[in-house]
Protein chains: 2
Amino acid sequence: MEKKLPTIKEIARRLNISASTVSRALHDHPSIGLRTKMAVKKLAAELNYEPNQTAIFFKQRKTFTIGLVLPNLREEFFSAAINGIEDVAMDHNYIVLIGQSHDDLAREQKLIESMKNHRVDGIIASISSSTTHIGHFEQMKNYEIPVVFFDRVPDAKDIHSVSCNLYDSSVEAVEWLIKNGHKRIAFLQGPPTLNMKNERLDGYMEAHKKHKLAVDESLIVSTDLSVEGTQKAFDSLMLLKKRPTAILSFNDYVTLDAIHYARQKKLTINKDICFVSYANVPVTQYVEYPPLASVEQFPYDQGVSATELLFRLIDKKTARQEAPYENIVLKSELIIR
Amino acid sequence: MEKKLPTIKEIARRLNISASTVSRALHDHPSIGLRTKMAVKKLAAELNYEPNQTAIFFKQRKTFTIGLVLPNLREEFFSAAINGIEDVAMDHNYIVLIGQSHDDLAREQKLIESMKNHRVDGIIASISSSTTHIGHFEQMKNYEIPVVFFDRVPDAKDIHSVSCNLYDSSVEAVEWLIKNGHKRIAFLQGPPTLNMKNERLDGYMEAHKKHKLAVDESLIVSTDLSVEGTQKAFDSLMLLKKRPTAILSFNDYVTLDAIHYARQKKLTINKDICFVSYANVPVTQYVEYPPLASVEQFPYDQGVSATELLFRLIDKKTARQEAPYENIVLKSELIIR
DNA sequence: ATGTGACAGGCAAACGATTGCGGAAAATGC
DNA sequence: GCATTTTCCGCAATCGTTTGCCTGTCACAT
């Protein structure tokens, strides 16, 4: 039942010429005469010949595939980033292998291993929240597989990365709250692993300093991003004698969970408590009480930028050139509703 | 600078034995003596040998890769489905190539083409809303690449598919509305291409018939899933002399758009107009006015089921067996808030 | 007639791993 | 001690394509 797909050898056999001639003819190599070239192309078209990519991958040591490892696809931030990645990849005739770590280190490692086995030409990654070390990524250097981190970038030297400048917009966000009369502003941060390079917190601090506001350490709490973790963090804030009037929170999803919980607790949003957040995901448009402002992180652009960087690295590798470590920082923007 | 990865040949050279012996030793072939086997495994471990998968892919005519083509990743329905697909794939040591059609036929075709070139072992697809013909999928038969459709299944014979029984729950949804006193129930359907096998509409009709309610054709409108399309459809319903009191609508995203628009028009949700929908995506939990009920379509389970079916097909192909066309229908469930 | 060069195309190796077949050496049988 | 079986391993082909190098055939100039 199996239909044999036509090969170069088959074409060569039928035309009584050699396989190398066929190959060159199909590639418009100058040393092939017009007559034979035409004959080859004609027969190739008739047989519906298509080169066996796996053979080419094998020979060329290239798979025209990039691997993408990220925490999940549920968050619109990541699915938007994929759009950028996919668009650039498609332009380069590449295709994307995908894997979700679900914020689990072991799974992330397994995915990287699997992508290495598949000999991807490069990897784009946003690390899981439980990624405490990045040995599995560093290993890729041994296989000459370039890795570009985006958004969730590990705090390490000698890596390539694309991320957003959250420092400036964090300052801006807090200043905006201060300008609106808030004096006790809480900071609900993510898990420690994602805080290594804590631009959000640094900006939070800077804004306080700039406006000569003391920072109350008890206003700084953190969540593991789970609903329960967020609720616990929120509870600890509400138990304070002097409650905050506003919360700057890790991202929109955490914020939505917090708002949902606050309403269960009979708090009035934007009166008892205000929220400012990060990500500015479109779904917040549909909710009743969205955060008052959110920092747009341009996931599509981050995806595009990361992929373009990756292709530069792949090209350099092909050309056997050294590539300096690049850490691209894109602008973010505080969007006020 | 390039580190040569160790190969079987390299091990053979160092041990002064043949490559075939090394290969067999690593595979615990019985005809290899214990001494040589040990020596090979020891050296392989020292050199950190790992088989070149691309060579194996090429030789075995298998890539241990499945392709996944779907409209988009933004909708939680699809990202949830991917979770199921990825989990099953991982169990089988497979990895997933992903591509978004963005509801564009040309792009879908290009993705299929690309996946074919990469010689994926199988394809799982949910068709785009502009997919008027499925020739590009049918082509895959020539390459012996099995295709399983899920959720958005084309209305064609000789295909494999996994979908949800939307007929029963559509009946149930309409009956629920009737029971709650609604007599004029509109039906906001998707674009024609996705309505070939219109279980939603059939269920809508059946419920009316069952309850001896006449169907008013002007209450049946459709959207191309865009915000504007949905608004236009909604407008046409509101222009009727006898407006509907409830709308059964294609999916939660369309519904959210419609609700958003209705509120702009100063309509009071659940009083002037009620909504019942499909998909039951989690994000509706966060919105102020979610649909009153939504049909859960169990995307994770659909993903699992589709992938398991695909692996059965791949196995049969490997065993050179015929596989009858399977069309699996899973249960859906009306979730009332 | 000889040399020079351009042109057209073939040979064979290579990429890395797998596998049918065959054969030498060692172990066993009688 | 010779035949036979078993154990262990190598040879070579194969998958489909690419590519460096070589060869043969003309045409043209000298």
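Chain identifiers are assigned alphabetically (A, B, ...) following the order of the sequence lines, protein sequences preceding nucleic acid strands; residue numbering begins at 1 within each chain.
Here the C1' atom of nucleotide dT17(D) and the CD1 atom of I11(A) are 12 Å apart, to the nearest Å. Rounded to whole angstrom, the span from the CD1 atom of I32(A) across to the P atom of dA6(C) amounts to 18 Å. A straight line from NE2 of H29(A) to P of dT18(D) spans 12 Å, rounded to a whole angstrom. Between the C1' atom of dC15(D) and the CD atom of E10(A) lies a distance of 15 Å, rounded to the nearest Å. Atom-to-atom, CZ of F64(A) to C1' of dT17(D) comes out at 13 Å; the value is rounded to the nearest Å. Rounded to whole angstrom, the span from the CE atom of M38(A) across to the C1' atom of dG9(C) amounts to 18 Å. When the P atom of dC7(C) is taken as reference, atom CZ of R35(A) falls 16 Å away, rounded to whole Å.
For the residue pair S128(A) / S130(A), a side-chain donor-acceptor distance below 3.5 Å is found, with atom types taken as modelled. Side-chain contact annotation: Y49(B) with E10(B), donor-acceptor N/O pair under 3.5 Å absent. Between the side chains of S163(A) and D151(A), not a single donor N or O lies within less than 3.5 Å of an accepting N or O. In summary, the side chains of E108(A) and H136(A) do present a donor paired with an acceptor at a separation below 3.5 Å, with no hydrogens or angles considered.
At the phosphate of dA8(C), neither OP1 nor OP2 sits under 4.0 Å from any side-chain N or O atom of T36(A).
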- Per-nt protein contacts along nucleotides 13-18 of chain C (heavy atom under 4.0 Å; B base, S backbone sugar-phosphate only, - none) come out as -BBBBB

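Between the side chain of R107(A) and the main chain of Q100(A), a donor-acceptor pair closer than 3.5 Å is present.
In the helix from dA1(C)-dT30(D) to dC30(C)-dG1(D), the terminal helix axes, each the rotation mapping four pairs' C1' atoms onto the next four within five end pairs, subtend 60°, rounded to 10°.
Looking at heavy-atom distances under 4.0 Å, T54(A) makes no contact with the nucleic acid at all.
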- Item | Step-by-step salt bridge (Lys or Arg N to Asp or Glu O under 4.0 Å) determination, R61(B) to D121(B) | CA-CA 9 Å; R61(B) 300 161 144 45; D121(B) 293 342; over 6 Å; no

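Every residue two or more places apart in sequence or in another chain that forms a side chain to side chain contact (heavy atoms under 4.5 Å, CB included) with K317(A) is listed here: E144(A), P146(A).
Applying the side chain to side chain contact (heavy atoms under 4.5 Å, CB included) test between M38(A) and each of V40(A), L34(A), T36(A) identifies L34(A) as the sole match.
The six-membered or imidazole ring of H92(A) lies away from that of F64(A), with a centre-to-centre distance of 6.0 Å or more.
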